[in-house]
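This report concerns only the one structure given below.
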Amino acid sequence: MKNNVLKIFAIIVTVQIVLLIYSSIFPEINVSFFNRNFKFKFLSIDDIFNFEKKKENKVADRIVSTYLQTDTSKNEKDIINLISKLPVDSLKVEKLAREILNKHLTKDSVENTRIIKDIINNYLTNDFSKPQKLLKKLLLAYLGVNLRNDFLINPEVNKIGPLDAFFNSLSNRKDTSIIRIAHYGDSQLEGDRISYYLRKRFQQKFGGSGIGFVPFMDIAKNVNLTMNNSENWMRYTVFHHRFYNSYYGLSGTVFKFRKYVLNNDSIIANIADSIGLKNYKIFPNAIIDLNLAGYVNYQNISLMYGHSLEDCIVNVYNNSTREKIYTDTLKTSESINIQKLKLPLYLQNFRLEFVCGNSPDFYGLLIDSKNGVQVDNYAIRGHSGDGLLLINSDYLARQIEMLNTKLIIFQFGANVVPYIYTDKQCEWLESVYYSLFMKFRKAAKDASILVIGAGDMATTINGEDMSYPYLPKIRDAQKNAAIKAGCAFLDLFEIMGGSNSILTWVSKRLASKDGHFSSKGQEIIGNELFNALMLEYDLFKIKPVVNNKSISSIKKNK
């Protein structure tokens, strides 16, 4: 019996050794079975003898779990209850601040900072409430010099930060104007992705309505509307199908219509009758049909155009009744113009008809309120941002001034990540982005610039999904260019959780491997961006009370 056990053990060990040798020579086996191919992969020797436990990505897990949790915790209910009974008397507000701090702070100073940030971002959002403003100042004062933005760098030079111009505009906003934010990006943003959530938060806090900039045509479906165009419209961008001159709109695009189109396919310039028009389709006008989502409220719709060689008639129809409700004329002009259309406020489904011999250069529509904050989405699929260098500098500055754009956000990088794999390429990338940021710094002297670094993205190396190896260096190149140009920088890579965090986001259906976010993922990023900006804004406002002794005297380590 003993000999049989030894034989069985010897056979098992021999088979394992043979398999180990075989697997090291042939790590993968392809097998055909029932007309289907199956791939089998052996563990490598390194994998077999690697006993190190994989580290969890706690940052990614925390942010994901925070947004995906459905049950309200006991602590959260308690905070909601305390703030719902917020007194008007300032002494009672200070007493409430002490109660919140004593009840909810821990011995972990890092965790305390997070708790107070969450309370401020989630429950003290009403800037028109004096008790809320006071409570917020007191909580921030408790944190004092220890309070910092984990992912947003806003370095001061002579006590002035890159975001101060924008924050000053927010603090001194008027009821007669709109403060605009230009949000530039690639396919991560097109169709109003991410910008939609950022706009929602800003308008909830500072007022405003509408959806801002709307291009005349686009590749992606816009989340706020449906649009149909006559086929004689053409779209030019700074990235592909470039315009013949440098007079682009602020979005980096130009739209024009043609009177003749070849076989419903190609664009041609005006063609003389002598050529024979039988091969061409003739268009007496150009049409854009818009159907706004039911939640879109607005007070003004304006047209942006320029370089018009002749007057152009604009007719507006109610698409529901087919009734013409408004006619206007876009006057001949060599420069950029913003012309307000006098439309009824209830109109959600309408047609714009343009009639003239030579199309002006159109830059898009503005769907706005009369005041508050507006976020304009300027996204071009596949773009890395460098194409914006093509915009005429004077024309760029004029548009920024006319639109009262006070914050410019650049969110690029995803399209360069797969193609950067040397230090030399990172140096080149840094120089390109520095040139871009400086161009806008010079054109927007009274505005702030925020650069958002590339988020995490995964590739497959040796059969395993992981972050692109050079992603941290690409992020550093963007950060270096931003700081050197006097801009603020938001580290999206670290917000997500750093290296391999994208795998957590993918597992929770918040993003795809290539870094594109789902609608829920977009909401998370939009909220994180808003919260980071608002924390910096709160610090900007409360500098005089940071050393408030009555609150800072509470012990930070209980």
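All values reported here derive from a predicted model rather than from experimental measurement.
Using a 4.5 Å cut-off on side-chain heavy atoms (C-beta onward), V238 and H383 make contact. A 4.5 Å side-chain heavy-atom check between F489 and R475 finds at least one atom pair inside the cut-off. Contact check for P162 versus I449: no side-chain heavy atoms found under the 4.5 Å cut-off. Side-chain contact between L407 and L533 is present, with at least one heavy-atom pair separated by less than 4.5 Å. Put simply, the side chain of L352 reaches to within 4.5 Å of the side chain of V316, judged on heavy atoms. Side-chain contact check for Y395 versus S246: every heavy-atom pair is 4.5 Å or farther apart. Side chains of M438 and S435 form no contact here, defined as non-hydrogen atoms less than 4.5 Å apart. Within the 4.5 Å cutoff, side-chain heavy atoms of R235 are placed close to those of I219.
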Sequence neighbours excluded and cut-off under 3.5 Å, please list the side-chain donor-acceptor pairs for residues 285-292, or say none.
{"residue": "N285", "atom": "ND2", "partner": "E353", "partner atom": "OE2", "Å": "2.6"}
{"residue": "D289", "atom": "OD1", "partner": "N319", "partner atom": "ND2", "Å": "3.2"}
{"residue": "D289", "atom": "OD1", "partner": "R351", "partner atom": "NE", "Å": "2.7"}
{"residue": "D289", "atom": "OD2", "partner": "R351", "partner atom": "NH2", "Å": "3.0"}

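Outside the 6.0 Å centre-distance limit, the rings of F412 and Y433 are not counted as a close aromatic pair. Between Y537 and F206, the distance from one ring center to the other falls under 6.0 angstrom. Aromatic pair Y197/F517: centroids not less than 6.0 angstrom apart.
Once rounded to the nearest 0.5 Å, the distance linking NZ of K174 with CG of N404 reads 10.0 Å. Rounding to the nearest 0.5 angstrom, the gap separating the CG atom in L403 from the CD1 atom in I181 is 13.5 Å. Here D394 contributes atom CG and S335 contributes atom OG; the two are 10.0 Å apart, rounded to the nearest 0.5 Å. Taking NE2 of H307 as the reference point, atom NZ of K256 lies at 9.5 Å (rounded to 0.5 Å). Taking OG from S169 and CG from D446, the interatomic distance works out to 8.0 Å, rounded to the nearest 0.5 Å. Taking NZ from K406 and OG from S448, the interatomic distance works out to 9.0 Å, rounded to the nearest 0.5 Å.
Atom NZ of K370 is surrounded by 12 or fewer heavy atoms from other residues, nucleotides or ligands within 6.0 Å. Environment of NZ in K442: sparse, with no more than 12 heavy atoms of neighbouring residues, nucleotides or ligands closer than 6.0 Å. By the neighbour-count criterion of 12 heavy atoms within 6.0 Å, atom OH of Y247 is sparsely surrounded, having that number or fewer from other residues, nucleotides or ligands.
When atom types are taken as modelled, the side chain of K205 and the backbone of F202 share no donor-acceptor pair closer than 3.5 angstrom.
Closest approach of N154 to G161, counting heavy atoms only: OD1-C, 3.8 Å. Contact detail for C487 and F437: the closest heavy-atom pair is SG-CB, 4.0 Å. Taking every heavy atom of both residues into account, G526 and L198 meet most closely at O-CD1, 4.0 Å. When all heavy atoms of N300 and S369 are compared, the closest pair comes out as ND2-O, 3.8 Å.
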Where do K331 and S308 land on the side-chain hydrogen bond (donor to acceptor under 3.5 Å, both in side chains) test, with the steps shown first?
CA-CA 7 Å; K331 295 294 184 182; S308 178; over 6 Å; no
Decide yes or no on salt bridge (charged side-chain N to carboxylate O under 4.0 Å, His left out) for K473 and D423, but give the supporting numbers first.
CA-CA 8 Å; K473 290 190 175 183; D423 290 349; 2.9 Å; yes
Derivation and outcome, side-chain contact (heavy atoms from CB on, under 4.5 Å), residues Q425 and L429
CA-CA 6 Å; Q425 288 174 316; L429 188 67; over 6 Å; no
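Tested against F257 for a ring-ring contact (aromatic ring centres under 6.0 Å, His included), the candidates W233, F283, Y305 yield a single pass: W233.
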